[in-house]
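Below: one structure, written as structure tokens.
Heavy atoms only: backbone and side chains are in, while hydrogens, waters and symmetry mates are out.
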Amino acid sequence: MKKGEVLYKGKAKSLYRTGDPGVLLVEFRDDITAFDGQKKDVLSSKGRLNAQVSAFLFRLLERKGIATHFIDMPDESHMLVKALDMIPLEVIVRNIAAGSLVRQYPFREGTVLEPPVIVIDYKDDSRHDPMLNDDLIIALGILTPDDLAMIKEMALRVNSVLREFFASLGITLVDFKIEFGRTPDGKILLGDEISMDSMRLWDMSTGKSLDKDVYRFSKGDVMEAYNRVAERVCAEDKEVCK
Ligand code: 5GP
């Protein structure tokens with residue numbers, strides 16, 4: 001598949017056209033950023049590890065009946081995906097209180113949230129991704145009430161699959177962020193990525209972070225943390241990590 005012109009360059013990924021208008025190529029770069037891009041670095045191999053984990057998780061979700069944009073992985077740091085019109089929402093599912101939930105509300109870090117809590121932010125760095133509610137999402141015309149209910153239901157199904165999978169690797173899935181988009185015929189698919197940049201993962205035996213919090217809060221060697229996750233995921237599927 002040919003790498004055509006760049007369509008979009010985000011903070012950590014670039015999107016390229018291919019010969020097929022319905023298919024795009026996602027490049028996972030080695031850039032890492034935090035706090036709306038105020039902190040940034042380049043870390044060798046980071047793109048490859050996030051691409052491999054993302055591809056593995058999209059395949060796992062597809063096998064469990066969740067429709068995603070994932071098509072294939074042409075090499076270790078690229079994914080071929082279905083072209084989507086992205087919905088400007090960050091859908092966050094939280095199993096355990098951490099991060100902004102603890103900073104903004106009177107939750108104690110580590111409190112189990114049962115049932116899991118869904119938080120939806122408006123994806124706009126210039127507005128610092130403000131939190132929305134159902135009425136605002138509908139008033140803004142971003143989703144219909146039916147599509148909103150479907151996206152929430154999909155997010156909870158994604159959570160069940162990922163939580164069980166990470167538990168089998170000795171990792172607690174604290175929370176994660178996903179994004180959705182529409183195909184030209186209006187079908188809503190899970191898009192973007194699911195990686196150590198977009199999940200909060202805690203090692204069950206040590207309690208240590210194995211995700212971007214290591215970078216955000218200078219908790220140690222972020223690549224060592226990302227490698228730990230990728231190694232455990234790759235042990236499940238050698239094909240995706242060749
Ligand atoms: P928090 O709201 O606690 O900062 O983030 C909740 C979860 O969503 C974390 O797993 C975090 O990594 C993810 N998340 C929230 N906003 C973003 C974002 O803009 N980009 C990425 N990659 N992940 C995000």
Side-chain angles (χ1 to χ4, degrees), residues 13 22 24 26 50 53-71 79 81-102 104-105 107 111-124 129-169 171-202 211 233 236:
K13 300 191 298 297
L24 299 175
V26 184
N50 271 354
V53 169
S54 246
F56 176 91
L57 296 177
F58 278 125
R59 282 179 176 150
L60 173 68
L61 291 167
E62 286 279 352
R63 284 202 302 275
K64 301 284 182 177
I66 295 159
T68 82
H69 68 158
F70 181 80
I71 299 173
M79 277 185 345
V81 298
K82 292 175 189 155
L84 296 180
D85 184 12
M86 292 305 290
I87 299 165
L89 297 177
E90 296 194 338
V91 180
I92 296 161
V93 184
R94 300 176 177 276
N95 295 305
I96 293 180
S100 67
L101 199 68
V102 171
Q104 295 168 352
Y105 302 93
F107 286 106
T111 304
V112 174
L113 304 168
E114 188 52 55
V117 171
I118 299 179
V119 171
I120 305 186
D121 292 348
Y122 183 55
K123 188 177 163 74
D124 185 341
D129 300 341
M131 189 190 291
L132 296 170
N133 66 20
D134 291 8
D135 284 359
L136 283 169
I137 292 168
I138 292 158
L140 284 164
I142 298 174
L143 292 173
T144 62
D146 283 354
D147 283 348
L148 176 56
M150 192 192 72
I151 276 182
K152 286 188 184 177
E153 207 248 338
M154 271 174 90
L156 290 177
R157 277 166 53 217
V158 170
N159 183 48
S160 298
V161 172
L162 297 186
R163 193 162 68 165
E164 188 185 336
F165 170 68
F166 279 108
S168 77
L169 303 183
I171 295 172
T172 302
L173 177 63
V174 175
D175 56 37
F176 63 91
K177 183 263 310 176
I178 48 178
E179 297 182 26
F180 295 87
R182 290 189 182 87
T183 60
D185 59 0
K187 190 161 186 251
I188 293 182
L189 303 183
L190 179 63
D192 195 49
E193 69 180 301
I194 311 175
S195 73
M196 289 74 84
D197 278 7
S198 57
M199 295 181 282
R200 197 166 263 127
L201 302 169
W202 292 349
D211 57 64
V233 169
E236 302 292 307

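Between Asp197 and Lys13, no side-chain nitrogen of the basic residue sits less than 4.0 Å from a carboxylate oxygen of the acidic one, so the salt-bridge criterion is not met. The pair Arg200-Asp175 meets the salt-bridge criterion, since a charged nitrogen lies less than 4.0 angstrom from a carboxylate oxygen.
Annotation: Glu164, atom CD; neighbour count of heavy atoms from other residues, nucleotides and ligands within 6.0 Å does not exceed 12.
In terms of heavy atoms, Pro88 sits closest to Tyr122 at O-CD1, 3.5 Å. For the residue pair Ser54 and Met79, the shortest heavy atom distance occurs at CB-SD, 4.1 Å. Contact record, Ala97 with Trp202: O-CH2, 4.4 Å, taken as the closest heavy-atom pair. Summarising the geometry of Arg157 relative to Gly65, their closest heavy-atom pair is NH2-O, 3.2 Å, with the distance given to 0.1 Å. Taking all atoms of both residues into account, the shortest heavy-atom contact from Ala83 to Pro184 is O-CD, 4.2 Å. When every heavy atom of Ile137 is checked against every heavy atom of Leu148, the shortest pair comes out as CD1-CD1, 4.0 Å.
Atom-to-atom distance recorded for Lys177:NZ and Asp121:CG is 10.0 Å, nearest 0.5 angstrom. We find the CG-CE distance between Asp211 and Met199 to be 8.5 Å, quoted to the nearest 0.5 Å. Taking CG of Leu89 as the start and CD1 of Ile120 as the end, the distance is 6.0 Å to the nearest 0.5 Å. With values rounded to the nearest 0.5 angstrom, Glu114 atom CD is found 10.5 Å from Ile96 atom CD1. Taking CG of Asn159 as the reference point, atom CG of Asn95 lies at 4.0 Å (rounded to 0.5 Å). A distance of 8.5 Å separates CG of Leu136 from CD1 of Ile142, quoted to the nearest 0.5 Å.
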| side-chain contact (heavy atoms from CB on, under 4.5 Å) between Arg182 and Lys187: does it pass, once the steps are laid out? | CA-CA 5 Å; Arg182 290 189 182 87; Lys187 190 161 186 251; over 6 Å; no
| field | Derivation of the side-chain contact (heavy atoms from CB on, under 4.5 Å) call for Ile92 and Leu101 | value | CA-CA 11 Å; Ile92 296 161; Leu101 199 68; over 6 Å; no
| query | Between Ile87 and Asp147, does a side-chain contact (heavy atoms from CB on, under 4.5 Å) hold up when you go through it step by step? | reply | CA-CA 11 Å; Ile87 299 165; Asp147 283 348; over 6 Å; no
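Residue Thr68 forms a side chain to side chain donor-acceptor pair (under 3.5 Å) with just one option from Arg59, Lys82, Glu62, and that option is Glu62.
The closest side-chain heavy-atom distance from Leu162 to Val93 is not below 4.5 Å. Considering only heavy atoms from C-beta on, Met196 comes within 4.5 Å of Asn50 through its side chain. No side-chain heavy atom of Leu57 sits less than 4.5 Å from a side-chain heavy atom of Phe70. In this structure, Lys152 and Leu143 have side chains that are not in contact, with every pair of non-hydrogen atoms separated by 4.5 Å or more. When side chains are defined from C-beta on, Ser160 does not count as touching Lys64, because their heavy atoms never get closer than 4.5 Å. By the 4.5 Å heavy-atom criterion applied to side chains, Leu190 and Phe180 are counted as neighbours. Between Thr172 and Leu201 the shortest side-chain heavy-atom distance does not fall below 4.5 Å. With a 4.5 Å cut-off on side-chain heavy atoms, Leu84 and Asp192 do not count as touching.
For Phe56 and Phe165, the gap between ring centers is short of 6.0 Å.
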